[in-house]
Undergrad: 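Quick one: the structure is below, and I'll ask about it shortly.
Because the structure is a prediction, the values reported are computed rather than measured.
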Amino acid sequence: MMVLAVSSIVSTSLTGGVVFAIMVLAVRSIWKKKKSGGGCGCGCAGCSGACPSKKRDS
């Protein structure tokens with residue numbers, strides 16, 4: 001019984017660690033993009049026309 005409990009704790013910790021690492025990498029990527037001036041942020045009203053989600057009529 002004790003081995004099963006330890007195994008469960010280890011597997012849960014590893015899964016949590018992987019999820020945490022993915023989250024940290026995603027936040028780091030967003031932060032670096034924002035710092036370098038990339039991305040539109042919220043909406044495309046203030047963009048210089050480089051926003052891929054907004055289609056132009058021209």
Undergrad: If only atom types and distance count, is the side chain of Ser29 paired as donor or acceptor with the main-chain N or O of Leu25 below 3.5 Å?
TA: no

Undergrad: By the definition side chain to side chain contact (heavy atoms under 4.5 Å, CB included), identify the one residue from Val3, Ile9, Leu4, Val10 that meets it with Val6.
TA: Val10

Undergrad: I'd like to know if the side chain of Ser11 reaches the main chain of Ser7, judged simply by a donor and an acceptor atom lying under 3.5 Å from each other, with no hydrogens or angles considered.
TA: yes

Undergrad: Among Lys34, Lys35, Arg28, which one satisfies side chain to side chain contact (heavy atoms under 4.5 Å, CB included) with Lys32?
TA: Arg28

